[in-house]
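Inspection log for the structure reproduced underneath, given as structure tokens.
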Amino acid sequence: MKHKLIISSLFLAASVSLSAQKNATITVEADKGTQIIPKEIYGQFAEHLGTCIYGGLWVGEDSPIPNIKGYRTDVFNALKDLQVPVLRWPGGCFADEYHWMDGIGPKENRPKMVNNNWGGTIEDNSFGTHEFLNLCEMLGCEPYISGNVGSGTVEELAKWVEYMTSDGDSPMANLRRKNGRDKAWKVKYLGVGNESWGCGGNMRPEYYADLYRRYSTYCRNYDGNNLYKIASGASDYDYNWTKVLMDRVGTRMNGLSLHYYTVTGWTGSKGSATQFNEEDYYWTMGKCREIEDVIKKHCAIMDEYDKSKNVALILDEWGTWWDEEPGTISGHLYQQNTLRDAFVASLSLDIFHKYTDRLKMANIAQVVNVLQSMILTKDDKMVLTPTYYVFKMYKVHQDATYLPLQLECETVNVRDNRTLPLISATASKDKDGKIHISISNVDVKNAQEVIVNLPGVQAKKAVGEILTSANIADYNTFENPDKVKLAPFKEAKINKGVLKIKLPAKSIVTLELQ
Ligand code: AHR
């Protein structure tokens, strides 16, 4: 990328307000697409944490809150509209303390447990395997089961796989039938442990590599169900973990996970989700974009061992992590979600699209009421977050062909020595040949005129939607749920293969060329 201008002042807010309008140029190579953007890049994650499951997804059939078989109707409909491709469950850290047999059978007989990872909340196991897999069926998404390696046994995990996927006259299939489900579910994705370097057992990679080999051996393919096994991978910059796993496990795994959070650090305050200044905002953009470098470095290691790219990189946790909202339960990771979070989503997704030769899935953390959620709920109320709207706008890119593009724009230097381009973009061509372009103007003060060259593209108009708001810290509340929402976007004109867009400050658009 060519840097037209580098503003190196620490007082970035003052610097970027010097000019009223900026310019950027994008060239989309519409005939050069070879790589499909797997829909799984738009994956979600639901953990037994705070009110993600209980109150968020599930209220039970007897609840006064409107529900479909126990799933909240409002949340279910919002997720259906999002075309969730894959849902990871039951954790996270929770997964390595979860004993699946506690979550089957008559609800009144299910034992309770303490959710040690997340505030010591009492978990009554009323949402278990049946409730999760039935939800996935209703949403039309792939389930991604995260298995317990940290505190569970090989036998326990092997039996869970049998319970979910065996259609034969097997002991676990018969137990499932006794519990009301005749036909096996299809379960594709199986995580063999989670964060095994931390909450999943505090292991060394060498030890975990052997455990992965052992546990995964007994996770069988029953009756036409083919498991896609994912090893617990590195956190952020831990390249040694990836190296050891590739060396010692290699193609015994289908995928190797990676976790990367946009977070200020793991000790002390992480900063407020809603109270921040421009410098904090630009720092956040720089930190979220650093994931590109992290992905590249993990991919380079994987390439050394696996040139044919048989093992996928699976980014099964990503997103922003701020301080919990004041007054909420400690350990429940409930945070608000502003337009800043929406930019973290759009910039991250733009990056993910580029690496889908190796990166085959990403699961934002988490779907409801936890960290960078799509949805927040309170009693019978629900709000869609700015991040939800990015996922909604971007769903046109699911399973579309990635179109390479060149981007020239201004950059700024931000805290922690990062250089931040003020424009981010991605483009794809869907199965019907329709081209979609998403562009984010990160600049918090200045509009940008973006020229998009579209050599060889015969389009006459561009229609789409925009996400913006008066302030970068704006968010939706239960009292004012529509403060930040999508609106039709009309400031795009095509003339002789050149698209001109007037992009307001701090805005994200997705356009369809027609
Ligand atoms: O998403 C919250 C937690 O973050 C997950 O449980 C864990 O895997 C990670 O540390």
Side-chain angles (χ1 to χ4, degrees), residues 43-54 56-57 86-98 113-121 123 127 132 144-152 189-203 205 208 212 230-238 241 255-267 270 273 287-288 291 294 313-325 328-337 341 344-345 348 361-376 385 387:
Q44 298 286 339
F45 171 31
E47 179 166 7
H48 287 241
L49 197 181
T51 50
C52 181
I53 302 290
Y54 302 107
L57 290 169
V86 55
L87 186 58
R88 179 174 183 246
W89 174 86
C93 296
F94 180 80
D96 279 293
E97 285 201 63
Y98 181 61
M113 68 177 279
V114 182
N115 192 335
N116 290 310
N117 284 289
W118 306 118
T121 305
E123 159 70 53
F127 188 96
F132 173 66
Y144 173 1
I145 293 284
S146 201
N148 181 346
V149 169
S151 71
Y189 299 107
L190 179 74
V192 183
N194 168 74
E195 295 196 349
S196 302
W197 41 264
C199 63
N202 283 307
M203 302 177 208
Y208 170 72
Y212 172 89
I230 300 168
S232 169
S235 167
D236 311 278
Y237 314 93
D238 182 0
W241 187 279
L256 176 59
S257 81
L258 170 67
H259 291 178
Y260 182 92
Y261 283 98
T262 297
V263 61
T264 54
W266 295 110
T267 51
K270 296 175 174 61
K287 172 71 179 174
C288 98
I291 199 172
V294 171
L313 185 63
I314 304 286
L315 181 65
D316 54 18
E317 288 185 30
W318 70 275
T320 55
W321 194 319
W322 309 119
D323 287 343
E324 295 169 319
E325 281 302 298
T328 61
I329 297 173
S330 170
H332 282 197
L333 310 188
Y334 180 91
Q335 68 188 39
Q336 250 300 351
N337 194 301
D341 296 85
V344 170
S348 300
M361 190 197 295
N363 307 74
I364 189 166
Q366 299 191 8
V367 66
V368 192
N369 291 337
V370 171
L371 300 177
Q372 193 179 350
S373 1
M374 303 295 114
I375 296 169
L376 297 173
T385 65
T387 300

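Atoms within each ligand, like the ligands themselves, are counted from 1 in listed order.
Side-chain atoms of Asn337 and Thr387 include a donor-acceptor pair closer than 3.5 Å.
Under the 30°/60° scheme for interplanar angles, the aromatic rings of His48 and Phe94 are found to lie parallel. Tyr261 and His259 have perpendicular rings, their planes meeting at more than 60° on a 0 to 90° scale where under 30° would count as parallel.
In terms of N/O distances under 3.5 Å, ligand 1 is approached by Cys93.
Residue-ligand proximity, Asn194 to ligand 1, at heavy-atom distances under 4.0 Å covers atoms 8 (O). For ligand 1 and Phe45, the ligand atoms under 4.0 Å from any heavy atom of the residue are 1 (O). Near Tyr261, with a cut-off below 4.0 Å to any heavy atom, the atoms of ligand 1 are 1 (O), 2 (C), 4 (O). Per-residue contacts place Leu371 under 4.0 angstrom from the following atoms of ligand 1 (heavy atoms of the residue considered): 1 (O), 2 (C). Shown in contact with Gln366 at under 4.0 Å from a heavy atom are these atoms of ligand 1, numbered in order with element: 1 (O), 2 (C).
Shortest non-hydrogen contact noted between Gln335 and Trp322 is OE1-N, 2.8 Å.
Distances from ligand 1 to the non-hydrogen atoms of Trp118 include at least one value under 4.0 Å.
Counting heavy atoms under 4.0 Å from ligand 1, residue Trp266 does not touch it at all. No part of Asn117 comes within 4.0 Å of ligand 1, judged by heavy-atom distances.
Protein heavy atom nearest atom 7 (C) of ligand 1, with residue, atom name and distance: Glu317 OE1, 3.3 Å.
To the nearest 0.5 Å, atom OG1 of residue Thr121 and atom CE of residue Met113 are 10.5 Å apart.
Glu324 places a side-chain N or O within donor-acceptor distance of the main-chain N or O of Gly331, the cut-off being under 3.5 Å.
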Taking it one step at a time, do Tyr144 and Asp316 satisfy side chain to side chain donor-acceptor pair (under 3.5 Å)? CA-CA 10 Å; Tyr144 173 1; Asp316 54 18; 2.6 Å; yes
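Using a 4.5 Å cut-off on side-chain heavy atoms (C-beta onward), Thr51 and Val368 make no contact.
The residue among His259, His48, Arg88, Glu195 with a heavy atom at the shortest distance from atom 10 (O) of ligand 1 is Glu195.
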